[in-house]
Amino acid sequence: YAPKCAPEVREIKIKSNQNQNFRIQLQKAEITNLSLTVTDTKARRLPAVIDFFNEVGQTFVGVSQPMRETLPEGVYPVRIKSRGYRSMTTSIIHRKFVQNKQFELKIMPAVALIDDDGDQHSQLKISRSLNEMNIKHDLIRSPNHLEEIEAYQILIWHLGNSVHRTLDKSEQLILTEYLSRGGSVLISGQDSAYSLQSTQFLNKAGAKITHTAGGNYKVTAPRIDLN
């Protein structure tokens with residue numbers, strides 16, 4: 001592949017201990033139509049967002065209508081996302097002879113258990129409890145970007161038993177955006193709500209802290225149904 005040229009896919013056989021020269025002639029890229037559909041593993045069409053990592057930008061694929069773009073022939077790196085399914089990062093080889101592309105996404109668990117306890121491994125107890133309740137989940141590390149968690153419906157963010165271990169500002173921003181898109185979060189950890197009580201994040205999450213008799217704290221928050 002070369003810029004402004006149509007890509008070619010060839011099989012090249014390499015012989016050991018021999019010098020070999022290969023000549024491949026590329027044609028000037030033509031502007032042609034590209035049709036894209038996204039399905040699940042049962043070939044059912046899915047609504048999806050396709051992010052092109054170039055000037056094309058972001059586009060949407062509907063259930064009844066595929067994505068249609070008029071593009072020069074070439075190689076286009078993309079990320080394909082649909083809520084409730086594992087995202088896919090791949091490259092589309094767009095040539096005039098192959099104009100219809102179909103991508104298959106695999107379903108993902110609704111729940112993600114986030115390990116953020118500082119290598120105490122205390123999240124394993126929560127994971128065992130989820131397994132006993134037959135709740136499928138992924139065990140992941142603390143995310144650096146929204147894209148790592150946005151497809152999950154529920155997050156269980158486990159901060160462990162260390163006093164004053166809390167969410168940093170970057171994590172709070174990621175979670176705030178996640179909540180604004182309809183996700184649910186359960187934060188588990190010693191004094192985690194107390195450490196977050198003066199932050200905008202706790203207010204946007206809909207949680208409230210009130211003082212009770214004896215110097216204790218009561219946390220009220222929206223209900224989360226794991227089933």
Side-chain angles (χ1 to χ4, degrees), residues 40-42 46 48 79-90 104-212 214-227:
D40 63 11
T41 54
K42 295 183 179 180
L46 299 173
R79 180 185 292 118
I80 304 169
K81 302 178 292 185
S82 182
R83 190 165 182 83
Y85 292 82
R86 298 193 186 280
S87 63
M88 173 190 294
T89 301
T90 185
E104 180 183 281
L105 299 183
K106 295 181 180 179
I107 197 167
M108 66 191 305
V111 178
L113 173 58
I114 298 178
D115 172 19
D116 192 18
D117 68 352
D119 296 323
Q120 297 178 41
H121 306 297
S122 55
Q123 79 284 350
L124 297 178
K125 295 180 181 179
I126 300 177
S127 183
R128 283 195 295 268
S129 296
L130 292 173
N131 288 331
E132 290 172 359
M133 293 186 289
N134 294 319
I135 297 175
K136 294 182 179 180
H137 61 282
D138 283 341
L139 181 61
I140 63 176
R141 302 290 292 182
S142 176
N144 295 314
H145 305 283
L146 177 65
E147 289 79 5
E148 300 173 55
I149 58 173
E150 64 178 344
Y152 294 103
Q153 298 176 34
I154 299 172
L155 302 179
I156 302 176
W157 198 302
H158 183 59
L159 294 166
N161 300 321
S162 298
V163 178
H164 303 311
R165 186 172 184 83
T166 187
L167 301 172
D168 61 32
K169 290 185 178 180
S170 175
E171 293 168 338
Q172 292 177 38
L173 289 173
I174 291 173
L175 279 181
T176 299
E177 181 63 25
Y178 171 79
L179 289 169
S180 72
R181 299 189 182 195
S184 298
V185 179
L186 171 63
I187 299 175
S188 168
Q190 183 173 342
D191 294 333
S192 56
Y194 176 79
S195 300
L196 293 167
Q197 64 178 322
S198 60
T199 64
Q200 292 184 354
F201 164 73
L202 203 64
N203 294 329
K204 291 180 179 179
K208 295 181 180 179
I209 298 179
T210 55
H211 296 270
T212 62
N216 295 319
Y217 296 90
K218 179 181 179 181
V219 181
T220 56
R223 176 185 172 130
I224 296 177
D225 187 359
L226 294 176
N227 295 313

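Model, not experiment: these values are computed from the prediction.
One finds the CG atom of Leu179 at 8.0 Å from the CG atom of Leu155 (value rounded to the nearest 0.5 Å). With rounding to the nearest 0.5 angstrom, the CD1 atom of Ile154 is 9.0 Å from the CG atom of Leu186. Here the CG atom belonging to Leu167 is positioned 4.5 Å from the CD1 atom belonging to Ile187, to the nearest 0.5 angstrom. To the nearest 0.5 Å, the span separating CD1 on Ile80 from CG on Leu105 amounts to 6.5 Å. Rounding to the nearest 0.5 Å places CD of Glu104 at 7.5 Å from CE of Met88. With values rounded to the nearest 0.5 angstrom, Asn131 atom CG is found 11.0 Å from Lys136 atom NZ.
With Ser127 contributing its side chain and Leu124 its backbone, the two residues share no donor-acceptor pair below 3.5 Å.
Looking at residues two or more places apart in sequence or on another chain, you find a side chain to side chain contact (heavy atoms under 4.5 Å, CB included) between Gln153 and Ala110. Under the salt bridge (Lys or Arg N to Asp or Glu O under 4.0 Å) criterion, Arg128 pairs with no residue at all, not counting sequence neighbours. With sequence neighbours left out, the side chain to side chain donor-acceptor pair (under 3.5 Å) criterion links Ser87 to no other residue. With sequence neighbours left out, the salt bridge (Lys or Arg N to Asp or Glu O under 4.0 Å) criterion links Arg79 to no other residue. Listed by chain and number, the residues in a side chain to side chain contact (heavy atoms under 4.5 Å, CB included) with Asp40 are Lys42, Arg44, Leu46, Tyr85 (sequence neighbours excluded).
Contact between Tyr152 and Tyr178 at its shortest, heavy atoms only, is O-OH, 2.8 Å.
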Please list every donor-acceptor pair under 3.5 Å in which a side-chain atom of residues 142-151 meets a protein atom from a residue at least two apart or in another chain.
unit_1, atom_1, unit_2, atom_2, d
Ser142, OG, Glu171, OE2, 2.7
Glu148, OE2, Asn144, N, 2.9
Glu148, OE2, His145, N, 3.0
Glu150, OE1, Arg181, NH1, 2.9
Glu150, OE2, Lys81, NZ, 3.3

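Looking at Leu113, Val185, Leu139 one by one, the single match for side-chain contact (heavy atoms from CB on, under 4.5 Å) with Ile156 turns out to be Leu113.
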